[in-house]
Amino acid sequence: MNISQNQKSASPATERVCPPDHVHLFDNFLRPLVHSPSRLFGPHVKPGMKALDIGCGRGFASLGLARMVGKDGHVVAADLQPEMLEMVAERVERAGLSDRIRLHRCEADKIGLGEKFDFVLAFWMAHETPDPSRFLREVYSLLTPDGRFFLAEPKMHISKDVFRDFVAEAEEIGFKPLKNPFVLFSRAIVMVKSQ
């Protein structure tokens, strides 16, 4: 499985993101029980869809999304850190989902994809972006009309006020709030790209 862009390189941007050696603390065998992909994303993801998992970490959500989109769908697992993408690649191979998941290495300030997606996930990563407004605009540009954006931020890093401001900025860009799903330890919202 190939990873877009360079396989290995350190960047000052990686200093503010979760380091690869810490990811096992919260993305392990218990994660799907706490944050079940089918329960959280199932109402928004259907077979045949194209989904993007930004800041995929070890890939717990990417694997779940790949099962939901089925053999006719496609998932892009995107992350800034090549070490994370290597972990995803191993898990994808073991799960037999290589035909549904493509890995993509982002830049610190740009996702860097040109295709359109029906569903975009940003799970516990938007607070790590250097320019949240730019990030939201890029997500908006990557969605199909009526595409859904699932945003979840950790309560331990993002206050209620900061999250509210983030959502208000998303609305100014053109997102329409759809629902606030319950996500343990998180503040979360699903938004739709308005026409």
Side-chain angles (χ1 to χ4, degrees), residues 1-6 13 17 37-38 40-57 59-82 84-85 88-89 92 95 97-153 166-181 183 188-195:
M1 178 168 292
N2 292 329
I3 299 171
S4 303
Q5 298 185 11
N6 292 334
V17 300
S38 59
L40 294 175
F41 318 132
H44 313 288
V45 178
K46 305 296 177 223
M49 282 186 163
K50 286 183 69 176
L52 170 61
D53 181 11
I54 308 168
C56 62
F60 95 94
S62 297
L63 293 168
L65 290 168
R67 292 181 180 104
M68 284 179 250
V69 299
K71 61 183 177 60
D72 295 325
H74 191 74
V75 174
V76 174
D79 204 281
L80 174 66
Q81 301 176 88
M84 295 291 199
L85 293 172
V88 176
V92 166
L97 295 169
S98 298
D99 59 331
R100 298 181 202 176
I101 298 179
R102 184 177 93 239
L103 305 181
H104 172 74
R105 182 155 178 237
C106 301
E107 296 175 34
D109 61 348
K110 183 169 65 171
I111 301 163
L113 291 165
E115 59 204 282
K116 298 289 184 182
F117 296 90
D118 304 296
F119 180 83
V120 173
L121 173 65
F123 203 107
W124 287 14
M125 60 73 52
H127 66 280
E128 297 175 344
T129 60
D131 185 343
S133 179
R134 180 177 175 172
F135 171 74
L136 286 170
R137 287 192 302 275
E138 188 172 6
V139 169
Y140 190 85
S141 74
L142 291 170
L143 281 167
T144 59
D146 296 321
R148 295 187 179 188
F149 176 39
F150 193 114
L151 173 68
E153 286 290 273
F166 200 79
V167 171
E169 185 155 1
E171 289 183 74
E172 286 179 22
I173 290 167
F175 284 103
K176 289 186 180 176
L178 181 64
K179 70 181 283 188
N180 290 93
V183 181
I189 190 166
V190 179
M191 295 179 278
V192 178
K193 180 177 182 174
S194 60
Q195 299 293 327

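Note that these values count all heavy atoms, side chains included, but never hydrogens, waters or copies made by symmetry. Computed from a predicted model, the values in this text were never measured in an experiment.
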* Asked: In terms of the angle between their ring planes, are F123 and F150 parallel, tilted or perpendicular, with boundaries placed at 30° and 60°?
  -> parallel
* Looking only at atom types and distance, does a side-chain atom of R148 sit under 3.5 Å from a main-chain N or O of V192, one as donor and one as acceptor? -> no
* Asked: Taking all non-hydrogen atoms of both residues, which atom of V88 and which atom of G59 are closest, and how far apart?
  -> CG2-N, 3.7 Å
* Got a second to check how far L136's CG is from M191's CE, nearest 0.5 Å? -> 6.5 Å
* Only one of L151, L178, V183 passes side chain to side chain contact (heavy atoms under 4.5 Å, CB included) with I189; say which it is. => L151
* Spacing of OG belonging to S62 relative to CD1 belonging to I54, to within rounding of 0.5 Å -> 10.5 Å
* Heavy-atom distance under 4.5 Å between the side chains of I111 and V139, does that happen here? -> yes
* Between M125 and F135, is any pair of side-chain heavy atoms under 4.5 Å apart? -> yes
* Asked: So, for G57 and D79, which heavy atoms are closest and what is the spacing to 0.1 Å?
  -> N-OD2, 2.9 Å
* Is E153 reaching over with its side chain to a backbone N or O of A126, donor-acceptor style, under 3.5 angstrom? -> yes
* Should the pair K193 and F149 be classed as cation-pi, given the thresholds of under 6.0 Å to the six-membered ring centre and 45° from the axis? -> no
Solution key, residues 63-77 side-chain donor-acceptor pairs under 3.5 Å, sequence neighbours excluded:
none

* To do: Identify the heavy atoms of S38 and P43 that sit nearest to each other, and give their distance.
  => O-CD, 4.0 Å
* **Side-chain heavy-atom pair P177, E171 within 4.5 angstrom cut-off** => yes
* Asked: Does G174 offer a backbone N or O that forms a donor-acceptor pair with the side chain of S194 under 3.5 Å?
  -> yes
* Structure fact -> On a heavy-atom basis, the closest approach of L121 and A61 is CD2-CB, 3.4 Å
* Side chain to side chain, C56 and L85, heavy atoms closer than 4.5 Å -> yes
* **R137 and S133: side chain donor to acceptor below 3.5 Å** => yes
* **Exercise: identify the closest heavy-atom pair between P82 and L80** => CD-O, 3.6 Å
* For K46, does the NZ atom sit with more than 12 other heavy atoms under 6.0 Å from it, leaving out its own atoms? -> yes
* Asked: Using 30° and 60° as the class limits, which term best fits the ring planes of H44 and F119: parallel, tilted or perpendicular?
  -> parallel
